[in-house]
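The block underneath contains the structure these notes are about, expressed in structure tokens.
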Protein chains: 2
Amino acid sequence: MKVKKEIIDPSTEEKIKNAARKVFTQKGYAGTKTRDIAEEAGINLALLNYYFRSKEKLFDIIMLESFQEFMRSMISVFNDEKTSLEKKIESMVSNYIDLLIKQPDIPLFILSELRNNPNEIVKKMSLDNNLMKSFFMKQIQQAIKEEKISDISPVHFFMNMMSLTVFPFVASPMLKNLGDLQQKDFDKLMQERKKLIPKWIKATMKVK
Amino acid sequence: MKVKKEIIDPSTEEKIKNAARKVFTQKGYAGTKTRDIAEEAGINLALLNYYFRSKEKLFDIIMLESFQEFMRSMISVFNDEKTSLEKKIESMVSNYIDLLIKQPDIPLFILSELRNNPNEIVKKMSLDNNLMKSFFMKQIQQAIKEEKISDISPVHFFMNMMSLTVFPFVASPMLKNLGDLQQKDFDKLMQERKKLIPKWIKATMKVK
DNA sequence: GTCTATATACGGATAGAC
DNA sequence: GTCTATCCGTATATAGAC
């Protein structure tokens, strides 16, 4: 009964959260009016406060969920001890691009909010998942030792992977303008990058 | 006399602009209160409106200047017909990293403001400097023809260069957290990247 | 749970004295 | 040019009826 209701017509709480996610990610915390969220959700402003008490509390929930979603692909892959470094890179890039094509404005949302207030939630999650001590980083260090790849800080590898994968989405409004691209062209380029980025990463790893 | 005054004590107009640049880039348009700018400039709120009429007009000036500064390194290098592709990449990356170490939050400022309102200023400047038809792009296409580099859309090359150079600064709050880096460590990594990125770019250019 | 009406605070902008 | 005091619209949040 409850399930049926949620499928046919999401609960009010869910409707508000969906609306909030949409408006917050597009306009940021400061640019968002609770009235916009209420309107987007098709409910009254008072109801928003009934469910979530305040704009800030609602925002914290959305931010936490967005950040978790952004980190999920990374964490699961990083700590997996079974797959090779090469396969890890491939699946990470592919997972991310799939996620980002569906939700292109999550990274810019997180990064621009993070700029002003070093968010406590994010700090805590970063500490809980110390990426620099993950199995992935150990694999890189091992490969350096065995002289399979060049001797550069593993942080650079990580930066490169994230940069090549995430930046085009963060900068998409500008890139579309500068490159005179339609959304369709842009998405096609991103699909191409799923295969290209792992190849490029491997090439950079051998640079001396 | 005038010059001396500007060196010793910048004009009020300059003081307000400097304060505005600082606050706007840190908090974005919506997050900025004109009172904050006034305080930062050490002047009264009324004076801000006396000089610039409104928050929006002041913002437009700051945005235009920031965007121009961000594009300058690129445009001058792109249209230069004398230097080789290789040298161009080197000087562009180096120029950008120098600029970004000095003013790390310009890109995130531009990109996050661009997200909501496809800024008219930016649109116009993008049209005026059609990068895809610049000499730099012709050089890439020529190199592809001569089979010196692999046959991929020049847009990918451009994205890669910008990604590797700019993204670390856009994502610095997160990268510092995840990588457990102090500002000093971060800047050192960026300095290293001045030499590394051109090498990496060259490596990716040969990938089939 | 959901609405209308309202309290309260805040932020942009101006009036007017100096 | 620069200040203090103030106006006024708007945004968050709550009271209270249904």
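Because only heavy atoms are used, hydrogens play no part in the values below, and waters and symmetry mates are left out as well, while side chains stay in. Here is how names work: the chains are called A, B, and so on, in the same order as the sequence lines, proteins then strands, and each is numbered from 1. This structure is a prediction, so every number in the text was calculated from the model and none was measured.
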Classify every nucleotide of nucleotides 12-18 of chain C by which part a protein heavy atom approaches to under 4.0 Å, writing B for the base, S for the sugar-phosphate alone and - for neither, in 5'-to-3' order.
BBBB---
Pairs where residues 164-181 of chain A contributes a residue and the test side-chain hydrogen bond (donor to acceptor under 3.5 Å, both in side chains) is met, not counting sequence neighbours
A:Lys176-A:Gln183
For atom [atom1] of [X] and atom [atom2] of [N], their distance in whole Å:
X: A:Leu47; N: C:dA5; atom1: CG; atom2: C1'; value: 16 Å
X: B:Glu13; N: D:dT2; atom1: CD; atom2: C1'; value: 15 Å
X: B:Glu39; N: C:dG11; atom1: CD; atom2: C1'; value: 14 Å

Results of ring pair (Phe, Tyr, Trp, His ring centres under 6.0 Å) for B:Tyr29 - residues two or more places apart only:
B:Phe59
Please give me the minimum heavy-atom distance between B:Gly28 and B:Glu113, naming the atom from each residue.
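Nearest heavy atoms, B:Gly28 then B:Glu113: CA-OE2, 3.1 Å.
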Do B:Lys194 and B:Gln191 have a side chain donor and acceptor closer than 3.5 Å?
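There is such a pair between these side chains.
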What do you reckon, are the aromatic ring centroids of A:Tyr96 and A:Phe70 less than 6.0 Å apart?
yes
